[in-house]
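For reference, the structure is listed below as C-alpha cells.
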Protein chains: 2
Amino acid sequence: MARRKASRGEGTRTALMEAALKQVARGRSFEAMSLRKLAQSVDIVPTAFYRHFESMEALGLALVDECLRTLRRMMREARERELPDSQILRDSVETYFRYVQANRLHFTFIMRERYGGVAALRHAIRAGIALFVSELATDLGRFPGLTRWTSEDLRMIAGLIVSTVTEATESVLEADGHHPEQVDLELALTEKKLRLVLLAVPHWRSG
Amino acid sequence: MARRKASRGEGTRTALMEAALKQVARGRSFEAMSLRKLAQSVDIVPTAFYRHFESMEALGLALVDECLRTLRRMMREARERELPDSQILRDSVETYFRYVQANRLHFTFIMRERYGGVAALRHAIRAGIALFVSELATDLGRFPGLTRWTSEDLRMIAGLIVSTVTEATESVLEADGHHPEQVDLELALTEKKLRLVLLAVPHWRSG
DNA sequence: TTTCTTTGTGAACACCTGTTGACTTTCGGC
DNA sequence: GCCGAAAGTCAACAGGTGTTCACAAAGAAA
C-alpha cells in the first residue's frame, strides 16, 4: 500500500482538496474531519500537510472558493445560452439539475457547510450565495414583465427562486444514483413551484 | 469549581441535553462535540454519561425528538388560534418569528443538524419536516381558494411556503439579539414573498 | 434498618489528535 | 554537475478521545 512518493508537487494540493470533498460527500462534516486521516488518504505523512495549507481552516476556505467558482461558472454559462422561450422554465431547471449532478462534490460541500460548524466557511458561503442572489436579481430585471420592478422587489423574487432551487438541490444530491426516478419527480415539482411564482408576477404591485 | 454532586437524578439527563443544545448554538456541530467536554460542562465524570444515554448518537436522537416536538407544538397552537382575517399573513409570520426567538436553541439545532454530519439525525429531522409539510398541506386545503386543489398541488405550495420560512428562520437566528432591526426587515421580506405566492393561487391550474 | 436501584467515581485501556523541529529526498534552473 | 527551493519524512511532544470495569455514595422501598 501507499504508493511510493512521486513528488507529485502541486498535484498533492489538489489531491488533498479532492479527498476532503469526497469525505464531505460521504457524510462527514468538514469540522469533524481529521488532518491526519486526510493526509493518510493521499499517502502523505501528517506533517507534510502544512507544505500545502497553513491550517485545516485554510483548506476549507480554499474549498469554498473552488465551489463558489463552480457556481459562478454555471451562472455565466446560463447567461450566454440563448433562451428558446417556450419551455424555458423546464429547460432551465433541467439544465441546473444536470449541472448539480455533474458537480456533485462541489454542491454537497456548499450545502453541508452552509450551515456547518466552522463559522468562517459558513460566512464565506453565505456571502457567495448573497452575491449570487444579487446577480440573479439584476438578470431578472431584464425580463419582459419585470422591467419596472424595484430592485428591492427583484431581490425578493430572486431570493424566493434561489431558496426553492436550493431545497431541490438537496433532493437531487440525495437521490443521485440510487433513485434516478426521484430526480425526475423533483424536477417536475420544482418546475411547478417556479411556474406558480412567475404566475404571480403580472399581478404584483409593491407596497 | 464543580459543585458537589447532588444526586440530581433525572435532572442530569436534561442538563446534558441542554448543554448539547447550547454548544450547537455556539457554533459547534453536534458531530464534532466531545462526550468528555459535554460531561465536564455538567459536572459529571465522563463515564457517568452512559447512565443517561447509550451513546452520543442516542443523545442526538433525543434532541431531535425534543426539537421536533417544539415544532409540532407551534403548529398545534397556530391551528387553535382564530384568524383575524385581515393582516393574517403578517400576523402569522410575526408569530412564527417570535416563536423562533423564544425557542432559539431548538430551532438552531434543527437548522444546523438538518444538513449536519450525522446521518441518523439528518434523516430524522428530514422525516419530521416532511411530516410538517404534509400537515400544512391538508391545513391549506381548507382555505377558501384552495378547496379544489389536488393534494399533490397542495403539497407543492406547502413546500414552497416551508422552504421560504425556513430560509427566513436562519436570518432570524443569526440576527437575534445583536441586530433586532434586521429581524424586522426579514419579517417584511418574508411577508412579501408569501404574499407573492398567494397572489398566484387564483390563477393556478394544474397540469 | 436493611436492601436494592440509581447515579456518580476513579483508574486504566488503547488509540487518535494537531504541531514542533531537524533531517532527507527530489527536481528544475544555472 | 551544482545549488537551492519545494515536497516529503521521522521522531516526539502534550494532550484529547471513547469505553471498560470494579467500586462508592445516596435515596427509596421493604
Side-chain angles (χ1 to χ4, degrees), chain A residues 1-24 26-64 66 113 116-121, chain B residues 1-24 26-63 113 116-121:
Chain A
M1 57 168 150
R3 57 200 174 300
R4 201 75 204 90
K5 70 178 169 179
S7 183
R8 283 156 294 174
E10 178 73 13
T12 304
R13 190 188 148 97
T14 68
L16 278 169
M17 293 178 70
E18 204 173 304
L21 286 178
K22 277 180 184 164
Q23 282 295 321
V24 171
R26 280 190 190 183
R28 282 262 170 69
S29 69
F30 182 81
E31 186 186 14
M33 226 168 55
S34 138
L35 181 153
R36 289 180 102 106
K37 286 187 179 172
L38 199 56
Q40 193 177 6
S41 78
V42 298
D43 293 323
I44 283 282
V45 91
T47 65
F49 175 90
Y50 296 101
R51 299 288 175 208
H52 305 279
F53 297 100
E54 195 192 25
S55 65
M56 211 56 176
E57 187 171 296
L59 205 206
L61 288 174
L63 286 174
V64 171
E66 180 176 306
E113 298 308 321
V118 186
L121 304 194
Chain B
M1 56 167 155
R3 55 195 174 297
R4 199 78 202 87
K5 71 177 170 180
S7 183
R8 283 158 293 176
E10 178 71 14
T12 304
R13 188 186 148 96
T14 69
L16 278 170
M17 293 178 68
E18 203 173 304
L21 285 179
K22 277 180 184 162
Q23 282 294 322
V24 172
R26 280 190 190 184
R28 282 263 170 68
S29 69
F30 182 80
E31 185 186 15
M33 225 168 56
S34 136
L35 182 153
R36 290 180 102 107
K37 286 187 178 171
L38 198 57
Q40 194 177 7
S41 78
V42 298
D43 293 322
I44 284 283
V45 89
T47 66
F49 175 89
Y50 296 101
R51 299 289 174 205
H52 304 280
F53 298 99
E54 196 193 24
S55 65
M56 212 56 175
E57 187 171 298
L59 204 207
L61 288 174
L63 286 174
E113 297 308 321
V118 186
L121 303 194

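The structure presented is a predicted model; accordingly, all values stated were derived computationally and were not measured. Numbered from 1 within each chain, the chains take letters A, B, ... in sequence-line order.
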Without decimals, in angstroms, what is the distance between [X] [atom1] and [N] [atom2]?
| X | N | atom1 | atom2 | answer |
| --- | --- | --- | --- | --- |
| B/Arg13 | C/dG8 | CZ | P | 12 Å |
| A/Asp43 | D/dA7 | CG | C1' | 15 Å |
| B/Arg51 | D/dA24 | CZ | C1' | 11 Å |
| A/Leu38 | D/dG8 | CG | P | 13 Å |
| A/Phe49 | D/dG8 | CZ | P | 12 Å |
| B/Ile44 | C/dG10 | CD1 | C1' | 14 Å |

For residues 14-21 of chain B, please give each side-chain donor-acceptor pair under 3.5 Å, one per line with the distance, not counting sequence neighbours.
residue : atom : partner : partner atom : Å
B/Thr14 : OG1  : B/Gly11 : O            : 2.9

(request) Please list, chain by chain and in numerical order, all residues satisfying side-chain contact (heavy atoms from CB on, under 4.5 Å) with B/Gln23, sequence neighbours excluded. (result)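 Counting only residues at least two positions away or on another chain, B/Gln23 forms a side-chain contact (heavy atoms from CB on, under 4.5 Å) with B/Arg28, B/Met33.
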(message) Applying side-chain contact (heavy atoms from CB on, under 4.5 Å), can you list everything that pairs with B/Ala39, at least two apart in sequence or on another chain?
(response) B/Ile44
(message) Which residues pass the side-chain hydrogen bond (donor to acceptor under 3.5 Å, both in side chains) test with A/Glu66, not counting sequence neighbours?
(response) A/His106
(message) Counting primed atoms plus P, OP1 and OP2 as sugar-phosphate and everything else as base, spell out the protein contacts along nucleotides 15-21 of chain C at 4.0 Å heavy-atom distance: B, S or - for each nucleotide, 5' to 3'.
(response) --BBBBB
(request) Could you pull out all residues at least two apart from A/Glu113 that satisfy salt bridge (charged side-chain N to carboxylate O under 4.0 Å, His left out)? (result)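 Result, salt bridge (charged side-chain N to carboxylate O under 4.0 Å, His left out) vs A/Glu113: none returned.
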(message) With a 4.0 Å limit, can you tell me whether B/His52 has a side-chain N or O closer than that to the phosphate oxygens OP1/OP2 of C/dT6?
(response)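 Answer is no, no contact under 4.0 Å.
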(message) Quick check on contacts: within residues 16-24 of chain A, what sits under 4.0 Å from DNA chain C by heavy-atom distance?
(response)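 Nothing qualifies; none.
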(request) Decide yes or no for A/Leu35 and A/Tyr50: does some side-chain heavy atom of the first lie under 4.5 Å from some side-chain heavy atom of the second? (result)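 The answer is yes, as the side chains (C-beta and beyond) meet within the 4.5 Å cut-off.
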(message) With heavy-atom distances below 4.5 Å as the criterion, would you say the side chains of A/Arg36 and A/Phe49 are in contact?
(response) no
(message) Listing request: all salt bridge (Lys or Arg N to Asp or Glu O under 4.0 Å) pairs with a residue in residues 48-63 of chain B, at least two apart in sequence or in separate chains.
(response) none
